[in-house]
2 protein chains.
Amino acid sequence: MGTDSGERVIVRRGGDHTRRQAQRVALELFTSQGYEATPLRQIAEALGITKASLYYHFPSKEAILRSLFEDRAAEAEDLVAWLRTQPRSPELLETAVLRWVESFSADKLQGIRFMAANPLIARAMSSAEGGRVGANLTALADELVALLPSPGPTDGLLVRMSILSINAAVEAAAGTDTDDGDIITTAAAAARALLRLIMAGQDRG
Amino acid sequence: MGTDSGERVIVRRGGDHTRRQAQRVALELFTSQGYEATPLRQIAEALGITKASLYYHFPSKEAILRSLFEDRAAEAEDLVAWLRTQPRSPELLETAVLRWVESFSADKLQGIRFMAANPLIARAMSSAEGGRVGANLTALADELVALLPSPGPTDGLLVRMSILSINAAVEAAAGTDTDDGDIITTAAAAARALLRLIMAGQDRG
DNA sequence: GTCTATAGTGGGATAGAC
DNA sequence: GTCTATCCCACTATAGAC
């Protein structure tokens, strides 16, 4: 993914403007209707072009899906990479989880909504052997559980739940008119509550 | 179903045995692959019959889906009905949420997995005007928030999250070999932690 | 209650002109 | 880069025999 730092300075558009628009529209439709339930025709129509024209920009429907997913996976990869640079300590667990949850500014929440709306696809993509998305959230959770002094059998589950609290909050807010900022702060509060639960267990362990 | 005329005495099965089997198989496949991604042919094959035979038992694919969903929705309805018989108090919030979360014995978890795997469909069915599934979880959450002495803007979200903690736990456990019992007890612990969060906010409010 | 055969539809994908 | 036209296939659903 874009590991070069400059990201090509400025005017990137024109070259792939339609392609980016297609990704934006696809993300919306896949989120509101689901991937399988969204025909390419609908994406094309929203762009004002035909189905066939879409194939100039993407070789297949699945390629659109993958392009979306890889954008999101990059964020998890970045966090895992950062984790590896940090000194290992139990406190790092809380720091990492909150860093993850709070990294979602309102515009990035759309990515979480997409994942939450297509859980089976998100799972399949995470475990795809294609390479790319190796550093998924499960890997992150494993790294974090290993930080605990005496990890119990359900601690892995709790850590995963705390990481996924942003997903849970988005899912719980679906269908309501909850403010995006409220979703994020509530998810962070929930994550902290779960982490306290884990730490309390460590004391007893 | 009614070609009787005696002789049937006890053995009620056989009457809708295939139908029930179809529901069982459909629940499994819809959960592991998703509703849209599962062709009727696959369900039929798993039963050892043909696609056409399936149409003897269900008028459409959607009818299979609905039959599954209505079974699950009945549980939420029961809890809401029970809620209405209880004296109103803030303590009822915790009682109700835990009653819900812990009502999932291991065999019922499959229903939650189905919902978790098909969130868009679950949402669409919940808000379907067809009548039946009126008492969904959102309605339950609203009843519960109303029990709080001074409900804040994010309390509704937190209550929904605590109800959905069983879903969150199932989702977090997906892809791992977590024991079903551990999932339920962890979900209950998480629900309690979120409820404590809500109650702490009430003190300050 | 299950079968074979088939209708009918819609979607992903391609060919080739402009 | 976008179009029209088309292919191919898989799926839902139906018809009618046994």
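Residue numbers start from 1 in every chain, and the chains themselves are labelled A, B, ... in the order their sequence lines are given, proteins ahead of strands.
Nearest nucleotide to the side chain of A:Ala52, out of C:dA5, C:dT2, C:dT14: C:dT14.
Atoms CG (A:Leu47) and P (D:dC3) sit 10 Å apart, rounded to a whole Å. Between A:Arg19 atom CZ and D:dT2 atom C1' the separation is 17 Å, expressed in whole Å. In this structure, the CG atom of B:Leu54 is 10 Å from the P atom of C:dC3, given to the nearest Å. In this structure, CD of B:Gln21 is placed 14 Å from P of C:dG1, rounded to the nearest angstrom. Rounded to an integer number of Å, the gap from CD1 of B:Ile49 to P of C:dT4 is 12 Å. Spacing between atom OH of A:Tyr56 and atom P of C:dA13 amounts to 18 Å, rounded to whole angstrom units.
Side-chain nitrogen and oxygen atoms of A:Thr18 include at least one within less than 4.0 Å of the OP1 or OP2 phosphate oxygen of D:dT2. Here B:His57 reaches the OP1 or OP2 of C:dT2: one of its side-chain N or O atoms lies under 4.0 Å away. Proximity of B:Ser53 to the phosphate of C:dC3: a side-chain N or O atom is located under 4.0 Å from OP1 or OP2. In this model, the phosphate group of C:dT2 is not approached by any side-chain N or O of B:Thr50 to a distance below 4.0 Å at OP1 or OP2.
By the side-chain hydrogen bond (donor to acceptor under 3.5 Å, both in side chains) test, B:Thr38 is found to be paired with B:Gln33, residues two or more places apart in sequence or in another chain being considered. Remark: A:Ser67 pairs with A:Gln23 by the side-chain hydrogen bond (donor to acceptor under 3.5 Å, both in side chains) rule, at least two apart or across chains. Applying the ring pair (Phe, Tyr, Trp, His ring centres under 6.0 Å) test to B:Phe114 and every residue at least two apart in sequence or in another chain returns nothing. Among residues two or more places apart in sequence or in another chain, the ring pair (Phe, Tyr, Trp, His ring centres under 6.0 Å) test is passed with B:Tyr55 by none.
Using a 3.5 Å distance cut-off with no hydrogens or angles, the side chains of A:Glu62 and A:Ser60 do not pair a donor with an acceptor. For the 3.5 Å distance criterion, the side chains of B:Ser165 and B:Ser162 fail to qualify, holding no donor opposite an acceptor.
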Under 3.5 Å, N/O pairs linking protein and nucleotides 9-12 of chain C:
unit_1, atom_1, unit_2, atom_2, d
C:dG12, OP1, A:Lys61, NZ, 3.0
C:dG12, OP2, A:Leu40, N, 2.9
C:dG12, N7, A:Lys51, NZ, 3.0

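With a 4.5 Å cut-off on side-chain heavy atoms, B:Asn167 and A:Glu171 do not count as touching.
Without hydrogens or angle criteria, B:Asn118 side chain to B:Tyr35 main chain gives a donor-acceptor distance under 3.5 Å.
Pairing analysis of DNA chain D (Watson-Crick: purine N1 to pyrimidine N3 plus N6-O4 or O6-N4; G-U wobble: N1-O2 and O6-N3; both under 3.5 Å) yields stems of 3 or more pairs at C:1-18 with D:1-18.
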